[in-house]
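Proteins come first, then strands; the chains are lettered A, B, ... in the order of their sequence lines, and each starts at number 1. This is a predicted model, so every value here is computed, not measured.
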Amino acid sequence: MPSGSSFRFPKERRVRKRPDFVRVQASPHRATTKHFVFLFAAGERADAPWRAGVVVTRKLGGAVERNRIKRVCRECFRKTRDLFPDGVDVVVIARAGAHLLSQGEVLAEWLGAKRHFEKKGAAARLAKAEK
RNA sequence: GACGCCGCCCAGGCGAUCGCUGGUCCGGCCCUCCGCGAGGAGGGACCGGGCGGGAGGAAAGUCCGAGCUCCGAAGAGCACGAUGCCGGGUAACGCCCGGUGACGGAAACGUCGAGGAAAGUGCAACAGAGAGAGACCGCCCGCGCCCGAGGCUCCGGCCUCCGCGCGGGCAAGGGUGAAACGGCGGGGUAAGAGCCCACCGCGCCCGCGGCAACGCGGGUGGCAUGGCAUACCCCAUCGGGAGCAAGGCCGCAUAGGCGGGCGCGCCGCGCGUUGCCUCACCCGCGAGGGUGGGGCCGCGCGCGGAUCGUAGGACGGCUCGUCCGAAGUCCGCGGGUUGGCUGCUCGAGGUCGUCGGUGACGGCGGCCCUAGAGGAAUGAUCGCCCCUCCGCGAGGAGCAAUCGUCGCGGGGUACAGAACUCGGCUUACGGACGACGUCGACC
RNA sequence: GGCCCCAUCGUCUAGCGGUUAGGACAUCGGCCUCUCACGUCGGUAACGCGGGUUCAAUUCCCGCUGGGGUCG
């Protein structure tokens, strides 16, 4: 097993394939904050760590602004290993104004909504188990 | 100092911590092979660690030009498209450099699709007589008529002016227009006209300078040739088409299906068969019938062959051309796939020196290796410093406006993210430096 | 990432060198009606932006801006 630091965020912790994005975005389990929308779906393995991906549309700005939002989000994923329950796939959609936030502001916004994430993530896992 | 103009350069720096990414090395783990064995060799897409690397001048727009790859060999012609003063640079260009001309500016300097309008076609609303060759008003001459006015008179009339008609000459003037048949002045004439003359413009010829575009000078013609080719077009030059989601390999999956188009040719041999012709034998008195053999034509099957390669088909604009060719082949639909590896980064590469060139650039020599991602990396947090703006305070120079120094607090630091790779163009945008032009002040 | 289109009243569109930039729907006002609707008459309202060619540009050329489509 990988030892290393718990603050890493390698490729296998991310949502990377088009079918995964489509599957998660079709899910009914969602939570919203002021600048972000979170979508939850059960992952392939219930015991694996959660995976996350970020979506930023062209409406929010040019490549520089959109890349900045993704980087800030990834940094927050990296620093909060227990933000979401294990075994779920999460897609985060940025909303208007997200590019103006600093990393600290994003982190505070997310931690404030953590209890909603846990509830929605559990619901998504339960839905898959019943199926 | 102000305003302007041109060129060149930079794209905040350092440190700490936590990360991302691909390269390389080491270790672990796993796999394969060899060995009786300890072990050895090779591999790995897994895990950990060390080392060094990681956005731009525009990475952008995708507007040009190439490399590279495939399509049908990338060859010729037509069509179509692009370019368009001259010379040079370059792999190439619609780019760059130098020159010429025109235009703009007081200047530094800038801008320009800047070939052909005596090859042809076309266009020019409205206005105007007329928009490519014309005559409305008008001017002039001759003849005729006559209301009127004037003059002369030998009292019969005659002349002049005005008006009308007919025939002829003219294109100066009027006015319209964006543009009106060279301009302006003089001579000339019945009135006029390059009809003649001077100057200017234009065309042609000659000489000189220049590789050339073109410039300068002289002579000559006597205006013939109006504008628009960013209207069609002509001329010259260039271009086959598509694009890294090109293309190659592996794996997986699905299908071997449905509909439609065009097709079953030529020569030889063999077999079968319908028809026709013919021969022999048999039967019948006979018309005729039967059996067998041979020949011909058609059809079917099989084998072999040929080339006029026909019909037909393929070919990313078309034709020539090329290929396939009676084997089936082609088109459309349906179905299925959006996994991995590769292409993928060393190249018309940078940089320094030197030589040649006005320059773009080129030759030679030395040195350097400089991102390769893939829901897509190059980041985040903190500290210090740099630049700059605002406010407050301190003290300095100066008569003053003001200028610069230090400290504290607060703010700002542009445009913007590689996606196969180069050369350009265009657009966005913060700042530093230098040269030059004009104006003003001081020494 | 590549390739290809489009832009005209509030909306859908016609026009393609000289137009009062036309039409339909919508909107505003009048007439009709007891009222509304229908009908009818009239009005308001547009060439994405910046250069160039031309006497003249919505139209032709160039550059931007903003939309859209498509691709093993």
| field | Pairwise P distance, B:C204 and B:G169 [rounded to whole Å] | value | 35 Å

| field | Distance, rounded to the nearest Å, where A:Arg74 contributes CZ and B:G375 contributes P | value | 12 Å

| request: Can you tell me the pairing partner of B:G42 across any strand shown, Watson-Crick or G-U wobble, with both distances under 3.5 angstrom? | output: B:C31

| request: Count the heavy atoms of every other residue, nucleotide or ligand shown that sit under 6.0 Å from CZ of A:Arg14, and state whether that count exceeds 12. | output: yes

| request: Take atom P in B:C422 and the same atom in B:G57, then report the distance between them in whole Å. | output: 11 Å

| remark: Contacts of A:Lys79 and A:Gly62 projected onto RNA chain B by closest heavy atom; the upstream (5') one is A:Lys79

| Anti versus syn assignment for B:G186, with syn defined as within 90° of 0 | anti

| said: Grouping I, L, V, M, F, W and Y whenever their side-chain heavy atoms are under 4.5 Å apart, do A:Val88 and A:Leu83 come out in a common cluster? | reply: yes

| said: Please name the nucleotide paired to B:G227 by Watson-Crick or G-U wobble geometry with both distances under 3.5 Å, or report none. | reply: B:C123

| task | Spell out, as yes or no, whether a donor-acceptor pair under 3.5 Å connects the side chain of A:Trp50 to the backbone of A:Arg81. | result | yes

| Of A:Glu75 and A:Asn67, whose closest RNA chain B nucleotide lies nearer the 5' terminus? | A:Glu75

| Check: A:Trp110 ring centre within less than 6.0 Å of A:Phe117 ring centre | no

| Can you tell me the Watson-Crick or wobble partner of B:U274, both distances under 3.5 angstrom? | none

| B:G309 and B:G321: how far apart are their C1' atoms, nearest whole angstrom? | 16 Å

| Please give, in whole Å, the distance from B:G375 C1' to A:Arg14 CZ? | 10 Å

| request: Look at A:Arg78 and B:G379 and indicate whether a side-chain polar atom (N or O) is within less than 4.0 Å of OP1 or OP2. | output: no

| Between A:Glu65 and A:Arg68, is there a salt bridge with N-O shorter than 4.0 Å? | no

| task | Let me know the distance between NZ of A:Lys70 and P of B:G417, rounded to the nearest Å. | result | 13 Å

| task | Apply side-chain contact (heavy atoms from CB on, under 4.5 Å) to the pair A:Arg74 and A:Phe9, showing each step before the final yes or no. | result | CA-CA 8 Å; A:Arg74 276 203 304 274; A:Phe9 192 63; 4.0 Å; yes

| said: Under 4.0 Å, counting only non-hydrogen atoms across every strand here, what does A:Val55 touch: a base, just sugar-phosphate, or nothing? | reply: base

| remark: With syn meaning chi within 90° of zero and anything else anti, the base of C:U19 is syn

| said: Rounded to whole Å, how long is the line connecting atom CD of A:Glu65 with atom C1' of B:A414? | reply: 13 Å

| request: Using the C1' atom on both, measure B:C223 against B:C195 and round to a whole Å. | output: 14 Å

| request: Spell out yes or no: do the side chain of A:Arg71 and the base of B:C20 have one donor N/O and one acceptor N/O closer than 3.5 Å? | output: no

| task | Specify whether A:Phe36 and A:Phe38 have parallel, tilted or perpendicular ring planes, treating 30° as the upper limit for parallel and 60° as the lower limit for perpendicular. | result | tilted

| query | Expressed in angstrom and rounded to an integer, what is the separation of A:Ile93 atom CD1 from B:G375 atom P? | reply | 18 Å

| remark: Taken to the nearest whole Å, CG/A:Leu107 to C1'/B:C18 is 14 Å

| said: Quick check, does A:Phe21 stack with B:G375? I mean ring centres under 5.5 Å and planes off by under 30°. | reply: yes

| request: Based on the glycosidic angle (syn within 90° of 0, else anti), state the conformation of C:U54. | output: syn

| task | Scan every strand shown for a Watson-Crick or G-U wobble partner of B:G265, both distances under 3.5 Å, and answer none if you come up empty. | result | none

| field | Distance, P atom - from B:A418 to C:G1, rounded to whole angstrom | value | 6 Å

| task | Please measure how far the P atom in B:C249 lies from the corresponding atom in B:U83, and state the result in whole Å. | result | 41 Å

| message | Just the rounded figure in Å: distance from P of B:U381 to CG of A:Leu101. | response | 12 Å

| field | Whole-Å P distance, B:G39 and B:G28 | value | 12 Å

| said: On the nucleotide B:C20, are OP1 or OP2 found under 4.0 Å from the side-chain N or O atoms that A:Arg8 carries? | reply: yes

| request: Using only heavy-atom distances, decide whether a donor-acceptor pair under 3.5 angstrom links the side-chain of A:Arg66 to the base of B:G375. | output: no

| field | B:G65 - base-pair partner by Watson-Crick or wobble geometry, distances under 3.5 Å | value | B:C422

| B:A190 pairs with, by Watson-Crick or G-U criteria that keep both distances under 3.5 Å | none

| task | Please tell me which of the listed nucleotides, B:U381, B:A418, B:U21, lies nearest to the side chain of A:Ala63? | result | B:A418

| message | So does A:His35 get a backbone contact from the side chain of A:Glu109, meaning a donor-acceptor N/O pair under 3.5 Å? | response | yes

| task | May I have the distance from A:Arg68 (atom CZ) to B:U378 (atom P), rounded to whole angstrom? | result | 12 Å

| For B:U370, does the glycosidic angle fall within 90° of 0 (syn) or outside that (anti)? | syn

| task | Scan every strand shown for a Watson-Crick or G-U wobble partner of B:C382, both distances under 3.5 Å, and answer none if you come up empty. | result | B:G15

| query | If you measure from the P atom in B:C109 to the same atom in B:G7, how many Å do you get, rounded? | reply | 11 Å

| note | Mate of B:U345 across any strand shown (Watson-Crick or G-U wobble, both atom pairs under 3.5 Å) is none

| Taking syn as any angle within 90 degrees of 0 and anti as the rest, which one fits B:G156? | syn

| request: Tell me whether the OP1 or OP2 atom of B:G375 has a side-chain N or O from A:Arg51 closer than 4.0 Å. | output: no

